[in-house]
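Predicted model only: the values in this text are computed from it and were never measured. All chains are named by letter (A, B, ...) in the order of the sequence lines, taking the proteins before the strands, and each is independently numbered beginning at 1.
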Number of protein chains: 2
Amino acid sequence: MRPTVNDIARAAGVSLATVDRVLNARPGVTEKTVQRVNAAIDQLGYVRDVTAANLARQRRYRLTFVLPEAPELFVATLRDALAEAGRSSAADRTEIRTLSFPAGNPHALVRTLRTLNSANTDGVAIFAPETPHVRDAILRLKSDGVPIVALVSDLPNTERDHFVGIDNIAGGRTAAFLMGKFHGKRGGSVMVLVSSMQARDNVERRLGFDQVMAESFPEIEVLPSLENHDDEDITARVVSEVLDARPDLTGVYSVGHGSRALVEVLRAHHRARQLTIVAHELTSVTREALRSGDIDAVVSQDVGHIVRSALRILRAKIDGVGIVPGQERIRIEIVVRENLS
Amino acid sequence: MRPTVNDIARAAGVSLATVDRVLNARPGVTEKTVQRVNAAIDQLGYVRDVTAANLARQRRYRLTFVLPEAPELFVATLRDALAEAGRSSAADRTEIRTLSFPAGNPHALVRTLRTLNSANTDGVAIFAPETPHVRDAILRLKSDGVPIVALVSDLPNTERDHFVGIDNIAGGRTAAFLMGKFHGKRGGSVMVLVSSMQARDNVERRLGFDQVMAESFPEIEVLPSLENHDDEDITARVVSEVLDARPDLTGVYSVGHGSRALVEVLRAHHRARQLTIVAHELTSVTREALRSGDIDAVVSQDVGHIVRSALRILRAKIDGVGIVPGQERIRIEIVVRENLS
DNA sequence: GTGAAAGCGCTAACAG
DNA sequence: CTGTTAGCGCTTTCAC
């Protein structure tokens, strides 16, 4: 049988209450008694039963997710994953609240963040770009004692407790590796489509992509980035233009979260099967395009894993306990037609 | 506040004990009372607090993992993952015991399984090939009320509660897709190295590989399987022979769990960089070979995920509660140089 | 400073 | 068939 607080109380010759004080590092215990209790603790090899503690404490985890209101399917899949997690969260005393802000509106975001404090939330997960005001708002929350995790896109200059997402430079490098390998030693030229050069994840992916293309596939020409600002019309237009202007095009790298318009244009041009297409994020659109052969590979991250990991990490931070790093590492997934779920 | 058993007892006008009986589907309650209690349950939106229940029940989970004593690194990584999980398992009242049997010795395996029963274990995870005697042993355990999950290699004709691992046909298909795509429309010939045509996972991978090669890459010739029985000397010899006999060789597909000897031979022949090599399972050997460029892609499964999933599923079966399917689906991971961890 | 006692949400004897 | 009661391992008043 595992030792309990009672066992260590008896062994140390003190009461339950005192053991509890020592366990939780609360004041009002003589240094001497503390020593005695700690001695008993490691002598008996005591490990605290966190679930029993939480029961007694009547702890609830009120967690807040702050997500952009964006047109991209990726955000939708993230919301779905969150809803799914919400269904089973009551069992672990977790209440999930989702707050939305219009994508690309830092003011609205900051206003949303301002409503949050330690009185109404125990932990916050944020998927948003880093701006100075956001930084300040996060700092305030942190100093209020609220744990914060950054979701998908890191907030490295804030005091966020953890980043839950992939290394986007490595993500871009992975995309380049596939693009290069799929070209099979033939040269060619590759078009790069980004959402916006403001978005940190897009910039990092492009950076990683360029590194590997230059290092390992110099025979392939990489064209300058084309920004589509997640607008389908813009995408349709610029892609069409390049397709016409560059009959020697051999590949397309879609850096952003959305690929719907790209797939449609390629289909319309009946060019898809002759080009190597690499995109990011597994959504209904990219999934279908992989199946049909319109996209060759998708570099992705598991939104279900991201959500569950954020929940686990926030709860761990709230409880002040450690995490299992291996379990929380979000992998850079490569998805092709054959390992589609 | 979330409703508790007390709330629903009051609402239904019955005692705690009766509520508990209904909750746990225990006999001895009138159909009428059951109805009343259930009505109160969904009216108040009651969700049972599993942690409190487990506390009261003083439930411990004594789980047994049965693993082969095999030379392959993959099994070692699985053991490592298990050890890692063991470190944090005390917190969730789980005691993990590992039993080993000499790989390829069904008798020893059966002898091991025979020692297990509901008195000494609450759940079993097995990584072993399916033979008639194994099937019987599992059947006996099952009928003794012990939940069973199959690990890595399925035991489809037994009553196992769950299979934790990848679809190996899809794994082989994925390997073929990469092999074909990396050839970039050029033809060639590919050597296939299997551990043993007895091993179900090997056979399935080979099957999936052949399907896709035939469907999508008919310009590439796939040579007959070479069995190495996980023996490094055999591997070295047969690979060398083929390398000499077929100067037109363009690729190697390593189906089994072990790839050490293959990598060494290829290195010795200074041929690695001119061949496309696809292997299975991420281990220290394949990891290093990816980094050095000796292997181009690895099709893998996350051993950490497999172990944690097996633990979660066994606990769920013991508690008689459901699982989150998305969380338990083991992905077919594609690992290349750039998304290596 | 320290301890006794009640209680978190649930289960499990044991009565009736 | 149903209810009473004690208790799981821990925290938390409130006294001493």
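- Note on Thr18(A): a side-chain N or O is less than 4.0 Å away from OP1 or OP2 of dG3(C).
- Axis angle between the ends of the helix from dG1(C)-dC16(D) to dG16(C)-dC1(D), five pairs each and rounded to 10 degrees, works out to 40°.
- Within the nucleic acid shown, Val19(B) has no heavy atom closer than 4.0 Å to any nucleic acid atom.
- Looking at Glu333(A) and Gln301(A), their side chains never bring a donor and an acceptor atom within 3.5 Å of each other.
- Remark: P of dT11(C) and CD1 of Ile8(B) are 11 Å apart, rounded to the nearest angstrom.
- In this structure the side chain of Thr121(A) reaches within 4.5 angstrom of the side chain of Val124(A), judged on heavy atoms.
- Taking each heavy atom of Val75(B) and Pro68(B) in turn, the nearest pair found is CG1-O, 3.4 Å.
- Atom P of nucleotide dT2(D) and atom NZ of Lys32(B) are separated by 11 Å, given to the nearest angstrom.
- Between the side chains of Arg48(A) and Asn24(A), a donor-acceptor pair is found at a separation under 3.5 Å.
- Taking the side chain as every heavy atom from C-beta outward, Arg97(A) and Leu116(A) approach each other to under 4.5 Å.
- With a 4.5 Å cut-off on side-chain heavy atoms, Glu328(A) and Val164(A) do not count as touching.
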Footprint string (nucleotides 9-16 of chain D, 5' to 3'): B base within contact, S backbone only, - free, heavy atoms under 4.0 Å: BBBB----
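- The phosphate of dG9(C) (OP1 or OP2) has no side-chain N or O of Thr51(B) nearer than 4.0 angstrom.
- Within 6.0 Å of the CZ atom in Arg140(A), the count of heavy atoms belonging to other residues, nucleotides or ligands exceeds 12.
- For dG1(C), neither phosphate oxygen OP1 nor OP2 lies less than 4.0 angstrom from any side-chain nitrogen or oxygen of Thr33(A).
- A donor atom on one side chain and an acceptor atom on the other are not found under 3.5 Å apart for Thr98(B) and Arg79(B).
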